[in-house]
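Presented below is the structure to which this report refers.
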2 protein chains.
Amino acid sequence: MTETATTGRALPHPEREQIRLESVLHALSDPMRLRIVRELAAKEAELSCSQFDLPVTKSTTTHHFRVLRESGVIRQVYRGTAKMNGLRRDDLEGLFPGLLDSLLAAADRQAGRLGDSS
Amino acid sequence: MTETATTGRALPHPEREQIRLESVLHALSDPMRLRIVRELAAKEAELSCSQFDLPVTKSTTTHHFRVLRESGVIRQVYRGTAKMNGLRRDDLEGLFPGLLDSLLAAADRQAGRLGDSS
DNA sequence: ATCGTAGTTTGACATCTCTCGTAGTACGAG
DNA sequence: CTCGTACTACGAGAGATGTCAAACTACGAT
């Protein structure tokens with residue numbers, strides 16, 4: 001087939017109402033995860049885990065993506081052998097209007113201030 | 001005297017430029033600390049540590065206030081035997097415009113949604 | 001000088017977190 | 001069916017975190 005279908009069993013995600021602010025903040029308080037989220041927001045598209053070039057091993061990468069998923073920040077779905085990741089913009093906006101944008105803006109600002117790469 | 005002067009040696013605070021978003025988010029990702037910050041924001045004034053009625057011991061309280069101070073979220077100053085705490089609104093606003101308000105609004109919203117006390 | 005209040009310090013403990021390496025599973029391509 | 005790729009699972013280790021209790025310090029009031 002030319003169309004890549006969604007395969008594999010579904011991954012556990014918290015419902016919108018179950019997302020807790022503390023968990024979201026905790027998820028974003030790790031530099032690696034904040035970086036992932038910023039990249040995801042910048043590309044404005046679903047990305048597979050392997051498209052991120054993180055300075056950690058694959059198992060650590062898996063760990064970080066799971067934390068992001070379980071906290072409700074991203075949604076993950078298998079597509080073939082790849083696992084696609086997307087920001088849960090709508091859910092977060094519904095729960096905490098303006099928060100995600102403020103956070104991303106803050107991260108951008110800090111990256112600029114510190115001459116951070118990306 | 002009737003005026004209560006600032007006493008004791010100064011406590012170490014990060015400069016505005018040294019405040020890191022990750023540290024702020026980490027500081028706020030703890031329920032007890034988020035609660036402290038919300039109370040501080042609500043009262044819109046400096047409060048002594050003892051005015052908070054937290055369900056933890058005094059040493060734990062000390063610990064949480066220190067995390068908040070060292071991350072740059074609050075400013076602490078001794079006044080007599082009391083230690084006054086104030087949100088670093090200006091510094092945070094200068095670094096990350098709109099972020100603190102978004103966070104506080106998000107916390108309020110969640111508290112309302114969950115029928116949280118306070 | 002004494003006392004009480006406010007907060008700190010230290011040490012301990014259970015738990016969590018980030019990281020890794022190795023071995024394993026799931027899927028598409030051939 | 002076999003192979004390679006993408007990701008997971010399972011330990012394991014070093015370090016951070018939240019919590020407490022007990023002993024301590026600093027200050028104001030009397």
Side-chain angles (χ1 to χ4, degrees), chain A residues 1-13 20 22-37 46-71 73-86, chain B residues 1-13 20 22-37 46-71 73-86:
Chain A
M1 302 187 196
T2 46
E3 304 163 22
T4 344
T6 299
T7 46
R9 70 183 175 307
L11 292 153
H13 288 78
R20 291 204 104 272
E22 292 89 332
S23 306
V24 170
L25 298 184
H26 173 249
L28 298 181
S29 72
D30 180 276
M32 212 61 64
R33 291 193 291 258
L34 185 55
R35 174 169 165 173
I36 291 172
V37 169
E46 290 203 327
L47 295 176
S48 72
C49 294
S50 56
Q51 296 180 59
F52 294 83
D53 189 27
L54 304 173
V56 291
T57 63
K58 285 207 291 185
S59 25
T60 302
T61 301
T62 296
H63 162 68
H64 285 309
F65 275 103
R66 181 175 36 200
V67 173
L68 286 170
R69 168 169 50 81
E70 291 179 346
S71 67
V73 176
I74 67 171
R75 192 172 288 284
Q76 295 189 293
V77 52
Y78 284 106
R79 188 161 339 197
T81 138
K83 192 181 208 170
M84 305 308 291
N85 302 279
Chain B
M1 14 175 142
T2 46
E3 304 162 21
T4 345
T6 299
T7 45
R9 72 183 174 305
L11 292 152
H13 288 79
R20 291 203 104 278
E22 292 89 333
S23 306
V24 170
L25 298 183
H26 172 248
L28 298 180
S29 72
D30 180 274
M32 212 61 64
R33 290 193 292 260
L34 185 55
R35 175 169 163 172
I36 290 172
V37 169
E46 290 203 327
L47 295 176
S48 73
C49 295
S50 57
Q51 296 181 60
F52 295 82
D53 189 27
L54 303 172
V56 291
T57 63
K58 285 204 295 184
S59 25
T60 302
T61 302
T62 296
H63 161 68
H64 285 310
F65 275 103
R66 182 175 34 199
V67 172
L68 286 170
R69 168 170 48 81
E70 291 179 344
S71 67
V73 176
I74 67 172
R75 193 172 287 283
Q76 293 189 294
V77 52
Y78 283 106
R79 188 161 342 196
T81 137
K83 194 181 209 172
M84 304 308 291
N85 303 278

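Letters go in sequence order (proteins before strands), and every chain restarts at 1. Basis for what follows: all heavy atoms, side chains included, without hydrogens, waters or symmetry-related copies.
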Rounded to the nearest Å, what distance is computed from the CG atom of residue B:Leu11 to the P atom of nucleotide D:dA26? 13 Å
Give the B/S/- string for nucleotides 13-22 of chain D, one per nucleotide from 5' to 3', where a protein heavy atom under 4.0 Å of the base yields B, of only the sugar-phosphate yields S, and otherwise -. ----SSBBBB
Name all residues meeting the side-chain hydrogen bond (donor to acceptor under 3.5 Å, both in side chains) criterion together with B:Ser50; count only those two or more places apart in sequence or in a different chain, and write none if there are none. B:Ser48
List the residues meeting side chain to side chain contact (heavy atoms under 4.5 Å, CB included) with B:Thr57, not counting sequence neighbours, and say none if there are none. B:Ser59, B:Thr60
In the structure I gave you, are the side-chain heavy atoms of A:Thr62 and A:Cys49 within less than 4.5 Å of one another anywhere? no
Calculate, to the nearest 0.5 Å, the distance between atoms CD1 and NE2 belonging to A:Ile74 and A:His13 respectively. 7.0 Å
Send over the distance from B:Phe52 CZ to C:dG7 C1', rounded to a whole Å. 14 Å
With heavy atoms under 4.0 Å as the rule, sort B:Thr61 into base, sugar-phosphate or nothing. nothing
Contacts of A:Thr61 that satisfy side chain to side chain contact (heavy atoms under 4.5 Å, CB included) - sequence neighbours left out: A:Leu54, A:Val56, A:Phe65
Between C1' of C:dA6 and CZ of B:Arg66, the distance in whole Å: 16 Å
Counterpart residues, side chain to side chain contact (heavy atoms under 4.5 Å, CB included), relative to B:Arg66 (two or more places apart): B:His63, B:Arg69, B:Glu70
Between A:Thr81 and D:dG4, does any side-chain N or O lie under 4.0 Å from OP1 or OP2? no
In whole angstroms, the gap separating P of C:dG7 from CZ of B:Arg79 amounts to 13 Å
Can you tell me how far P of C:dT19 sits from CG of A:Leu54, to the nearest Å? 10 Å
Tell me: CD of B:Gln51 to P of C:dA6, nearest whole Å? 10 Å
What pairs with A:Val37 under side chain to side chain contact (heavy atoms under 4.5 Å, CB included), at least two apart in sequence or on another chain? A:Leu28, A:Leu68, A:Val73, A:Leu87, A:Leu104
When rounded to whole Å, the CD1 to P distance for the pair B:Ile74 and C:dG7 reads 12 Å
OP1 or OP2 of D:dA9 sitting under 4.0 Å from any side-chain N/O of A:Thr62? no
Nearest whole Å is fine: how far is C:dA6 P from B:Leu47 CG? 14 Å
